[in-house]
Amino acid sequence: MPNSRARPRRDTGGGAGAAGRNELVSRSLQSAEHCLGAQDFGTAYAHYLLVLSLAPELNDDVKETFQYTLFRWAEELDSLNRTQDLLGCYEQALELFPNDEVICNSMGEHLFRMGFRDEAAGYFHKAVKLNPDFNDAKENFYRVANWLVERWHFIMLNDTKRNTVYNAAIQKAVCLGSKSVLDIGAGTGILSMFAKKAGAHSVYACELSKTMYELACDVVAANKMEAGIKLLHMKSLDIEIPKHIPERVSLVVTETVDAGLFGEGIVESLIHAWEHLLLQPKTKGENGNCEKYGKVIPASAVIFGMAVQCEEIRRHHRVGVKDVAGICLPENVKFQSPAYSSVDTEETVEPYTTEKMSRVPGGYSPLTECFEIMTVDFNNLQELKSLATKKPDKIGIPVTKEGTLDAIVVWFVLQLDEEHSLSTSPSEETCWEQAVYPVHDLADYWIKPGDHVMMEVSCQDYYLRIQSISVFGSEDEMDVGKSFTKNKDLFSVGNEAELCSALANLQTRQPDAVEQTCLLESTEIALLNNIPYHEGFKMAMRKVLSSLTPGKVCQAMDTHCQNNAVSCGSGQNNCEESTPEPFYVLDVSEGFSILPIIAGTLGQVKPYSSVEKDQHRIILDLICEANHFPKETLEFWLRHVEDESAVLQRPKSDKLWSIIILDVIEPSGLIQQEIMEKAAISRCLLQSGGKIFPQYVLMFGLLVESQTLVEESAVQGTERTLGLNIAPFINQFQVPIRVFLDLSSLPCIPLSKPVELLRLDLMTPYLNTSNREVKVQICKSGQVTAIPFWYHMYLDDEIRLDTSSEASHWKQAAVVLDNPIQVEMGEELVLNIQHHKSNVSITVKQ
């Protein structure tokens with residue numbers, strides 16, 4: 001506890017009032033200290049409030065102790081769910097210390113945990129402004145900035161073609177008489193400013209995000225248009241006339257479209273706009289001033305698709321292995337990614353994932369020609385209203401190339417008006433990604449010319465849905481046996497007699513057991529498909545357990561597999577009489593993990609899993625059952641832990657762990673938060689000879705020149721935004737590290753060879769350094785714009801996992817430099833590496 005001994009200064013003015021005040025301040029300070037000693041933080045906090053309100057001159061003397069008291073009292077209030085009291089205390093504290101970065105940051109942390117991300121970001125941002133070297137606040141701000149201002153804002157604003165085409169279409173509409181404009185989903189306000197510059201009399205812009213709304217206010221003011229653009233912090237669905245805008249407008253501009261076109265709510269917002277906010281549309285053949293009629297930019301869209309083979313999509317959305325390090329995955333368990341499972345749920349979930357197909361690792365192969373899926377007229381209210389209720393369209397597409405059917409890739413052409421359009425095709429240089437619908441549930445994914453890929457297309461819940469994907473083979477008119485989707489509507493590709501024949505010959509499988517569905521994130525599916533990861537852990541665990549009791553760890557459950565055609569593992573050690581006390585293994589890696597089951601095959605082991613979801617526990621139990629594990633071999637650790645925030649504890653009061661598995665690297669490519677603190681606790685919980693996995697991690701990086709990373713990280717001046725001053729405002733939310741990168745397909749020029757940047761030793765902490773310099777030899781002349789990095793995770797000195805390998809479920813990350821550095825071949829660049837908590841900062845020493 002900080003030193004709390006502060007005394008009121010003597011009042012040289014004298015007087016009974018001053019003396020009485022000093023006496024009260026002195027007694028309150030004594031009471032505060034007494035309460036602190038008794039850990040009565042609430043009463044101590046109240047006394048300090050009284051002291052500081054009566055004697056502001058003591059602010060500096062008691063500041064540190066007051067902070068300590070505030071934080072401890074806030075922890076108590078948080079644990080009691082007294083949210084309003086907690087926030088009230090921080091507001092009082094900030095009235096007394098308005099420029100205290102530590103209190104600002106702490107307030108932000110509480111708000112973020114409560115889900116108030118916009119408000120949290122404001123406090124983090126203020127803390128960084130008050131003290132740019134305050135690492136805790138910087139880390140917090142960088143993490144929350146990704147939530148508040150998504151990275152695609154930078155990419156879109158840097159897309160000169162997109163900006164130019166939108167500007168031209170808006171300019172044309174305003175010149176033709178559309179003088180009153182509503183911008184729906186304004187973002188930074190760029191489309192509103194295009195309209196104002198084009199000569200619109202009245203411009204209104206609505207934006208729901210508080211952060212983006214405030215940003216747009218700053219941007220509009222900086223471009224001297226605040227008098228001509230009225231910004232509304234609300235959804236367009238809540239706009240009322242005349243409450244928010246005086247009358248109906250003649251033009252709505254919007255870019256509330258995502259990779260799947262409808263996912264940002266453009267259909268609902270335009271239905272509402274046509275019914276409540278727009279003038280009536282001009283009918284065909286009708287002449288007259290455009291100011292009297294309503295219209296929308298974009299006017300329409302055409303959606304296209306293509307069937308593709310893509311190994312990267314496959315390994316993230318289909319479990320392609322039946323045996324993982326000797327553990328058989330049961331046939332009655334069906335693993336699904338969120339993109340597929342949303343088809344059958346009542347929740348409104350995006351039924352697709354997104355990829356920049358031109359940069360997908362390993363590339364892709366088109367298996368069909370591109371085909372038209374749907375057209376939509378945004379200027380036709382009846383068409384918009386019928387989209388969600390229309391029956392699914394059935395489409396059959398001929399296969400043009402043999403290969404494995406992995407996904408339907410979707411893009412669109414946005415027709416802004418008769419002459420201006422934008423395409424999001426994979427072959428275009430565009431800021432948009434493509435929507436990807438992974439294919440599941442086929443008996444055979446191999447297709448060839450002569451086959452037809454069949455699907456149903458709808459706009460249920462105002463999302464573009466592509467369902468019931470199946471294949472009709474060339475050898476049969478109707479080989480429906482290739483599809484096991486729930487919706488088995490058969491398409492009209494032959495006459496009625498052929499349909500009946502196909503139905504008569506349809507073979508349905510009889511499952512041996514009730515099929516269980518397990519929903520996994522795409523990174524969790526990629527992890528299940530990562531064979532080197534599981535084999536590496538199996539070898540490393542076997543070595544540790546063997547070293548603890550030589551000769552007592554069974555070499556093979558693998559040999560057991562040879563004698564069992566159905567199952568590939570066993571929880572029993574048949575090598576030797578079972579020992580009285582098992583080895584305890586704890587897996588606290590996040591998400592779905594079968595490592596505890598693998599540990600259970602290595603002899604007399606008691607494995608514990610820390611999975612949280614009930615569905616995942618059911619599936620792990622089914623896997624144990626299918627591999628003939630004795631009941632209760634695998635246990636779920638969180639059932640044994642009273643406080644889930646304190647997962648790291650002894651297995652029993654008198655026992656220690658043999659192995660603790662920690663999650664060191666996030667799928668995004670960053671180091672997990674608080675990992676070194678978790679490692680420190682874990683070391684205290686290990687038996688002699690026990691190990692943490694991984695034992696240590698080496699971080700590698702290289703210098704690259706990448707214009708792509710630069711443009712995805714910050715808006716580049718005013719030229720990209722057609723002279724509008726937007727960059728300084730949105731770039732406040734740029735973060736120095738880009739995550740979820742695929743280094744293998746990142747457009748970049750390597751300027752150095754990979755170098756070791758940092759060592760994180762979880763078993764031997766004295767080998768760690770918080771600050772080091774690394775000399776990097778330049779092997780190619782150019783401009784250093786970024787430093788991508790990845791990790792080698794050492795389970796021991798011989799077994800290594802590489803987070804940049806082809807099989808890796810991890811992505812990579814990169815530090816993007818504020819200013820490029822020109823380098824010449826043969827030069828040396830010195831990097832300064834700092835490791836603070838879970839954050840690694842990499843700067844170039846000039």
Side-chain angles (χ1 to χ4, degrees), residues 128 132-136 138-139 141-143 664-666 668-673 675-676 696-714 734-744 746-762 765-794 800 802-804 810-846:
V128 173
D133 297 322
F134 186 17
N135 281 323
D136 285 1
K138 281 200 292 189
E139 289 171 33
F141 179 68
Y142 293 153
R143 286 183 185 271
V664 179
I665 309 301
E666 295 178 3
S668 65
L670 295 179
I671 296 169
Q672 286 277 7
Q673 286 189 295
I675 190 59
M676 300 313 287
Y696 62 94
V697 175
L698 299 183
M699 178 181 179
F700 287 87
L702 79 161
L703 309 178
V704 301
E705 181 174 335
S706 174
Q707 189 59 27
T708 298
L709 279 180
V710 170
E711 293 183 5
E712 290 180 357
S713 301
Q734 75 181 97
V735 294
I737 295 181
R738 286 276 290 126
V739 294
F740 286 109
L741 296 175
D742 285 300
L743 188 52
S744 64
L746 176 71
C748 68
I749 302 167
L751 303 180
S752 76
K753 291 181 179 176
V755 292
E756 183 185 320
L757 301 177
L758 187 70
R759 178 187 175 108
L760 294 178
D761 202 306
L762 282 70
Y766 68 82
L767 294 175
N768 295 324
T769 53
S770 59
N771 195 332
R772 71 185 295 239
E773 290 187 351
V774 178
K775 291 180 180 178
V776 186
Q777 191 81 22
I778 304 299
C779 61
K780 185 179 177 69
S781 300
Q783 281 198 327
V784 179
T785 60
I787 307 163
F789 56 88
W790 62 98
Y791 310 89
H792 289 173
M793 300 202 317
Y794 284 83
R800 185 190 82 187
D802 184 350
T803 67
S804 68
W810 292 285
K811 300 292 187 182
Q812 294 81 56
V815 171
V816 182
L817 304 185
D818 287 336
N819 299 299
I821 297 173
Q822 184 67 41
V823 293
E824 301 297 327
M825 189 171 74
E827 288 181 352
E828 260 188 357
L829 216 56
V830 179
L831 302 181
N832 182 258
I833 320 295
Q834 288 188 318
H835 177 225
H836 173 72
K837 293 187 178 177
S838 306
N839 187 54
V840 176
S841 70
I842 305 172
T843 53
V844 179
K845 190 174 180 183
Q846 297 286 8

Distance in Å, [X] [atom1] paired with [Y] [atom2], rounded so as to fall on 0.5 Å steps:
X	Y	atom1	atom2	answer
I671	M676	CD1	CE	8.5 Å
Q734	Y142	CD	OH	8.5 Å
S770	I833	OG	CD1	12.0 Å
E827	C779	CD	SG	12.5 Å
S841	L831	OG	CG	11.0 Å
N768	Y766	CG	OH	10.5 Å

N/O donor-acceptor pair under 3.5 Å between [X] side chain and [Y] backbone:
X	Y	result
S706	L709	yes
T785	V710	no
Q783	E705	no

For [X] against [Y], the heavy-atom pair lying closest together:
X	Y	answer
R738	L741	O-CD1, 3.8 Å
S668	A813	O-CB, 4.3 Å
S804	W790	OG-CD1, 3.5 Å

Does [X] reach the side chain of [Y], with side-chain heavy atoms less than 4.5 Å apart?
X	Y	value
N771	N832	yes
L817	V784	yes
M793	W810	yes
I737	L670	yes
F700	D802	no
Y794	V697	no
I787	V704	no
P788	Q812	no

Should I749 and K780 be marked as a side chain to side chain contact (heavy atoms under 4.5 Å, CB included) after you check the CA-CA gap, both sets of side-chain angles, and the distance that decides it? CA-CA 9 Å; I749 302 167; K780 185 179 177 69; 3.5 Å; yes

Using residues 819-826 as the side-chain source, report each donor-acceptor pair under 3.5 Å to any protein atom, sequence neighbours left out, with the distance given to one decimal.
{"residue": "Q822", "atom": "NE2", "partner": "G782", "partner atom": "O", "Å": "3.2"}
{"residue": "E824", "atom": "OE1", "partner": "S781", "partner atom": "OG", "Å": "3.2"}

Determine, stepwise, if the pair V830 / E828 fulfils side chain to side chain contact (heavy atoms under 4.5 Å, CB included). CA-CA 7 Å; V830 179; E828 260 188 357; 5.6 Å; no

Determine, stepwise, if the pair V739 / K811 fulfils side chain to side chain contact (heavy atoms under 4.5 Å, CB included). CA-CA 8 Å; V739 294; K811 300 292 187 182; over 6 Å; no

Please tabulate, for the side chains in residues 750-760, all donor-acceptor contacts under 3.5 angstrom to protein atoms that are two or more places apart in sequence or on a different chain.
{"residue": "S752", "atom": "OG", "partner": "L703", "partner atom": "N", "Å": "3.0"}
{"residue": "R759", "atom": "NE", "partner": "D761", "partner atom": "OD2", "Å": "3.2"}
{"residue": "R759", "atom": "NH2", "partner": "D761", "partner atom": "OD2", "Å": "2.7"}

